[in-house]
Protein chains: 2
Amino acid sequence: MGVKERKERDKLEMRGRILESAHRLFLERGFDDISIRNIAEAIEYSPATIYLYFKDKNEIIHALHQDGFRLMNEHFQHLTAFPRPFERLIEMGKAYIRFATTHPQVYSLLFMRGEPIEHIIHWLQDEWLEGDRAFETLKQTVMLCKKDGYFPGYDPQALSMLIWSSIHGICALRISGHMNHVKPARDQNLSLDDVMLSTFDVFTQVLGNLKKQ
Amino acid sequence: MGVKERKERDKLEMRGRILESAHRLFLERGFDDISIRNIAEAIEYSPATIYLYFKDKNEIIHALHQDGFRLMNEHFQHLTAFPRPFERLIEMGKAYIRFATTHPQVYSLLFMRGEPIEHIIHWLQDEWLEGDRAFETLKQTVMLCKKDGYFPGYDPQALSMLIWSSIHGICALRISGHMNHVKPARDQNLSLDDVMLSTFDVFTQVLGNLKKQ
DNA sequence: TATTTTACTGAACACCGTTTATATTTTTGC
DNA sequence: GCAAAAATATAAACGGTGTTCAGTAAAATA
């Protein structure tokens with residue numbers, strides 16, 4: 001009898017519908033409007049029902065977190081087309097910034113909020129697989145750059161961390177609204193993205209200077 | 001008759017007591033435990049009374065925001081003792097990081113939350129004075145470095161923005177919990193601050209390389 | 001002293017995440 | 001086919017949030 005199987009399918013389908021609603025709420029109305037009650041209304045069930053399919057709200061947020069990572073990875077797919085490591089590294093940075101600017105809500109969910117990453121620490125054996133993979137890709141690229149004569153004497157691990165931190169800093173200050181409220185940016189009437197991109201330009205210059213001659 | 005004057009004093013005193021309670025709640029129990037009701041309980045008044053002294057919660061948060069900036073400025077007082085600009089720049093970075101690590105809650109209030117900066121945009125003529133002043137100090141230092149032969153060809157404005165972004169990125173990733181959950185940090189069992197400081201070290205190396213020979 | 005102004009609060013509104021007892025439906029075992 | 005058991009769904013409640021408003025008590029004014 002396939003009753004058990006069907007029930008399992010139903011359960012998965014319901015989980016799917018809950019996540020779908022959460023996802024839509026997130027994209028259409030922002031992080032703060034994802035509430036158990038909003039989700040419940042959207043799927044036309046009572047709030048309590050959600051708890052039959054998810055332990056708590058964190059579990060739902062975590063699912064969105066993973067969705068976000070999938071979306072981000074799509075922005076990196078094209079990078080294999082750049083054979084020269086340093087060029088690829090710069091394109092990685094551009095792709096990262098493009099992702100952050102086109103999906104600021106998703107970016108802040110992935111990298112600026114404490115909740116989701118704390119959930120990972122407590123419930124998933126402290127393993128942040130998506131983060132590990134992304135960082136590893138960055139580090140590999142940095143090591144290839146080293147083979148090309150870039151970054152002599154620099155530790156790939158630490159340099160990768162610096163690169164990530166720097167680009168994250170640019171994106172985070174932009175998304176939180178801090179970057180565009182220091183005076184020069186206001187005065188010159190620069191757009192958000194102008195400031196961000198010119199900051200990134202300086203960074204590429206700086207990195208480009210780190211090469212054996 | 002000094003009635004009016006006394007009443008004004010009383011009003012200010014009450015505002016002071018409210019802010020004091022908010023401040024203590026913030027430091028002792030964290031940002032999320034600053035609630036109008038908690039504050040009201042602490043000063044032994046009803047929640048509604050708070051609204052006779054502050055327009056809304058944002059106004060209280062903004063006051064804490066300014067307190068935070070004062071605290072941060074204290075961490076920068078000693079920098080005048082470093083006459084050589086580049087050295088001073090590095091010490092600025094160290095002071096910034098020291099502030100962020102010793103007062104993570106305050107740091108995230110100042111630079112990682114959208115609410116306070118949005119309040120500034122809406123209510124204070126879009127002028128973020130504290131931010132302007134701090135950034136200006138950084139830029140001045142960068143320009144002095146240029147006179148010493150550092151950063152040839154780099155725009156001080158853009159380079160300052162990069163420096164701020166990079167250090168902010170290091171602090172933000174640390175405080176949000178992301179930095180210490182990429183694999184290598186976990187494996188090597190490095191402390192939070194080890195990763196941060198080694199990342200900053202690389203940054204100082206990179207900056208130091210940008211000098212006319 | 002009577003009136004007006006000021007200071008304060010209880011109760012409510014509309015939310016939030018989460019739990020529990022209860023009711024309904026579905027499946028199982030006979 | 002029917003009763004027992006299991007699964008599913010929910011109403012209602014708990015304790016929390018920011019905020020508003022009508023009403024009360026106290027103080028200042030005339």
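Residue numbers begin at 1 in each chain, while the letters A, B, ... track the order of the sequences. These values consider heavy atoms only, across backbone and side chains, with no hydrogens, waters or symmetry-generated copies.
For the OP1/OP2 pair of D:dA11 and a distance below 4.0 Å, the side-chain nitrogens and oxygens of A:Ser46 include no atom meeting the criterion.
Looking at heavy-atom distances under 4.0 Å, B:Phe54 makes no contact with the nucleic acid at all. Within 4.0 Å (heavy atoms only), A:Asn38 reaches sugar-phosphate atoms of the nucleic acid but no base atom.
As rounded to whole Å, 5 Å separates atom P of D:dA9 from atom OH of A:Tyr45. Rounded to an integer number of Å, the gap from B:Glu44 CD to C:dC8 C1' is 15 Å. If you take CD1 of A:Ile43 and C1' of D:dA9, they are 11 Å apart, rounded to a whole angstrom. In this structure, A:Glu115 places its CD atom 16 Å from P of C:dC16, rounding to the nearest Å. Rounded to whole Å, atom P of C:dC15 lies 16 Å from atom CD1 of A:Ile39. To the nearest angstrom, C1' of D:dT8 lies 16 Å from CG of A:Leu12. Atom NZ of B:Lys11 and atom P of C:dT6 are 9 Å apart (whole Å). Whole-Å rounding puts the A:Glu59 CD to C:dT18 P distance at 11 Å.
If you check residues 14-35 of chain B against DNA chain D, the residues with a heavy atom closer than 4.0 Å are B:Ile34, B:Ser35, listed by number.
Between A:His23 and A:Phe26, the ring planes lie perpendicular to each other; the angle is over 60°, past the 30° to 60° tilted range. Between B:Trp164 and B:His168, the ring planes lie tilted relative to each other; the angle falls in the 30° to 60° range. A perpendicular orientation is assigned to the rings of B:Tyr96 and B:Tyr107, their planes being inclined by more than 60° (bins at 30° and 60°).
Aromatic pair B:His65/B:His119: centroids not less than 6.0 angstrom apart. Ring to ring, B:His62 and B:Trp123 are not that close: their centroids are 6.0 angstrom or more apart.
Of the listed nucleotides (C:dT18, C:dC8, D:dC21), C:dC8 has the atom at the smallest distance from the side chain of B:Leu52. Closest to the side chain of B:Lys7, from the set D:dA28, C:dT9, C:dT18, is D:dA28. Here C:dG17 is the nucleotide among C:dA7, C:dG17, D:dT17 with the atom lying nearest to any side-chain atom of A:Tyr51. Relative to the side chain of B:Ile36, the nucleotides D:dG18, D:dA9, C:dA7 differ in distance, and D:dG18 lies closest.
Not a single donor-acceptor pair under 3.5 Å links the side chain of A:His178 to the backbone N or O of A:Arg174.
Judged by atom type and distance alone, B:Arg37 reaches the base of D:dG18 through a side-chain donor-acceptor pair under 3.5 Å.
Between B:Ile50 and B:Ile43, the closest side-chain pair of non-hydrogen atoms falls below 4.5 Å.
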